[in-house]
Amino acid sequence: MKKRLFTGLQPSGQLHLGNYFGALKPFADTYQEYESFLMVADYHSLTSLKNPTELRANVVEVVRAYLALGVEPSKAVIFKQSDVQEHTELAWIFETLVTVPFLMQAHAYKDKVAKGIEPTAGLFNYPMLMAADILLYDTDVVPVGGDQRQHVEYAREAANKFNLSFGQTFTEPTEKILENVAIVPGVDGQKMSKSYKNTIPLFGFKEEITAAVMSIVTDSSGERPENVYAIHKLFKSETELASLYENNRGNYKVLKEALAEDIEAFVAPKRNKRESISVEDVKRVLAEGREKAHTIAASKMADVRQKIGVSL
Ligand code: ADP
Ligand code: TRP
């Protein structure tokens, strides 16, 4: 029996190379070793995004990206959070079990509030919706970046509290922290992130890729433009790059052009595949995923309702 893997991601904008190496590729490389669930966390993203046109476009974009990278809908359950109402229902039940001081300790919440983001009740309760996502499916493994580790701990706490109050119901999940995954630097040398506006788009056209690469910040004092090299290493081995960088010492323009070409060669087939996937294809995949996810979630919730006493 394969272990069950569950991951979620927020549909929050144009995907970039950081998302590819940090989240999409690790999933695409390993999902077949597990019984895998891939959920688009549209209700989570409502804590930051209040634009229906953008939300719709982002959901389509994220599913398209996974399909373009070769994730097969017959081998993973790909669905959207809002399509399975048991998620918000179970989140409410967990909210009645955990305390305000416990949720107050969440780093992600504190960081966001420190950045000036409005502390809505939704942002505060975010970890309990995520706990519901994970626990509805008797998940064994949750692959996430280090920033989400605490949220998986919170899911364990929710499972534990429920089990203690109402009897064994939920499996305690384990996080799989993607520590060996490199942090991809952006064009300014900081972590690539849409909030820093330093990204290279994953499905960008050649001109966009070239423009982004040409804008990579270079320090004229060194012989090797480190920011260019750091990104180049993701596409070619250090041995392959050695002679290129040796023969073009100080010639940043040539090195950037070589990098832009290597990224274009890497992106082009993925971009073409992505373009062949229509909105209808995405809707079909999500409808199929909804059926499979809902069957499991509904059966779990029937048990929960019985145990807490709302089923008469
Ligand atoms: P952004 O920082 O652009 O807002 P998200 O926080 O939405 O990106 O990240 C979505 C996924 O992509 C997460 O799993 C995150 O760990 C991964 N990711 C984002 N940026 C990078 C990066 N620069 N390097 C590696 N992984 C990244
Ligand atoms: N909170 C996660 C993030 O921002 C996304 C997410 C929602 C998730 N539900 C999940 C991740 C369940 C793993 C499991 O990255």
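Atoms within a ligand are numbered from 1 in the order they appear, just like the ligands themselves. Just so it is clear, the structure is predicted and the values come from calculations on it, not from any experiment. All heavy atoms count here, side chains included; hydrogens, waters and symmetry mates do not.
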Quick note on ligand 2: atoms under 4.0 Å from a heavy atom of Ala41 include exactly 7 (C)

If you compare Asn19, Leu15, Asp147 by their heavy atoms, the one closest to atom 17 (C) of ligand 1 turns out to be Asn19

Item to check | Ile183 touching ligand 1 at heavy-atom level, < 4.0 angstrom | outcome: yes

Is the distance from the ring center of Tyr137 to that of Phe79 below 6.0 Å?
yes

Discussion item. Is the distance between the ring centroids of Phe170 and Phe94 under 6.0 Å?
Written reply: yes

Single-linkage hydrophobic cluster, 4.5 Å side-chain cutoff, Ile200 and Leu69 together: yes

Residue, atom and distance of the protein heavy atom nearest atom 2 (O) of ligand 1 read Ser193 OG, 2.8 Å

**Prompt:** Any N/O of Gly18 closer than 3.5 Å to an N/O of ligand 1?
**Reply:** yes

Any heavy atom of Asp147 under 4.0 Å from ligand 2? The part involved is neither

For Ser12, the ligand 1 atoms with a heavy-atom partner under 4.0 Å come out as 7 (O)

Contact check: Asp133 vs ligand 2, nitrogen or oxygen atoms, below 3.5 angstrom = yes

Are any of the N/O atoms on Phe21, whether in the backbone or the side chain, positioned under 3.5 angstrom from an N/O atom of ligand 1? no

With heavy atoms and a 4.0 Å threshold, my read on which part of Gln10 contacts ligand 1 is neither

Between Glu35 and the options Arg4, Lys3, Lys2, the side chain to side chain donor-acceptor pair (under 3.5 Å) test singles out Arg4

Should the pair Arg149-Glu175 be classified as a salt bridge under the 4.0 Å nitrogen-to-oxygen rule? yes

The atoms of ligand 1 lying under 4.0 Å from a heavy atom of Ala23, numbered in the order shown, are 11 (C), 12 (O), 14 (O)

Nearest non-hydrogen contact to atom 14 (C) of ligand 2 from the set Leu9, Val142, Thr139 belongs to Val142

message: Just checking Tyr34 against Phe6, ring centres under 6.0 Å apart?
response: no

Among Gly8, Pro143, Ala155, closest by heavy atom to atom 5 (C) of ligand 2 is Gly8

*Salt bridge flag under 4.0 Å for residues Glu54 and Arg56*: no

Separation between CD (Glu61) and CZ (Phe203), nearest 0.5 Å, reads 6.5 Å

Heavy-atom protein neighbour under 4.0 angstrom from atom 6 (O) of ligand 1: no

Under 4.0 Å between heavy atoms, the region of Pro185 that gets near ligand 1 turns out to be neither

Validation row, ring centre His87 to ring centre Tyr43 under 6.0 Å: no

TODO: With the side chain counted from C-beta on, respond yes when Leu17 and Met192 share a heavy-atom pair under 4.5 Å apart, and no when they do not.
DONE: yes

Check: What do you reckon, does His16 put a non-hydrogen atom under 4.0 Å from ligand 1?
Finding: yes

Near Ile134 (heavy-atom distance under 4.0 Å), the atoms of ligand 2 are 12 (C), 14 (C)

Note: ligand 1 atoms sitting under 4.0 Å from heavy atoms of Met192 are 20 (N), 21 (C), 22 (C), 23 (N)

inquiry  = Check this for me, if you would: do Lys233 and Glu240 make a salt bridge, where the nitrogen-to-carboxylate-oxygen distance has to be below 4.0 angstrom?
reply    = no

Quick note on ligand 1: atoms under 4.0 Å from a heavy atom of Gly22 include exactly 25 (C), 26 (N)

Joint cluster assignment, Val213 & Val267, ILVMFWY side-chain distance < 4.5 Å: yes

In terms of its nearest heavy atom to atom 10 (C) of ligand 2, the top option of Glu175, His151, Met130 is Met130

For this session: Taking the six-membered ring for Trp and the single ring otherwise, decide whether the centroids of Tyr31 and Phe37 are under 6.0 Å apart.
Result: no

Does the side chain of Asp83 come under 3.5 Å of the side chain of His294 through a donor N or O and an acceptor N or O?
no

**atom 9 (O) of ligand 1 touched by protein (heavy atom, under 4.0 Å)** = yes

Hey, is atom 22 (C) of ligand 1 touched by any protein heavy atom at less than 4.0 Å?
yes

**Prompt:** Below 3.5 angstrom, do we get any N/O pair linking Val184 and ligand 1?
**Reply:** yes

Cationic N near anionic O, under 4.0 Å, Lys307 to Asp303
yes

Among non-hydrogen protein atoms, atom 2 (C) of ligand 2 lies closest to Gln148 OE1, 3.4 Å

Tell me whether Tyr126 has any N or O atom under 3.5 angstrom from an N or O of ligand 2. yes

Checklist line | Aromatic plane relationship, His44 with Tyr126 - under 30° parallel, 30 to 60° tilted, over 60° perpendicular | finding: tilted

*Does some non-hydrogen atom of Met39 fall short of 4.0 Å from ligand 2?*
yes

Inspect the contact between Asp281 and Arg64 and indicate whether a charged nitrogen and a carboxylate oxygen are less than 4.0 angstrom apart. no

Ligand 2 to His44, heavy atom cutoff 4.0 Å, flagged ligand atoms 7 (C), 9 (N)

heavy-atom search around atom 4 (O) of ligand 1 in the protein gives Lys194 NZ, 2.4 Å

heavy-atom search around atom 16 (O) of ligand 1 in the protein gives Gly145 CA, 4.5 Å

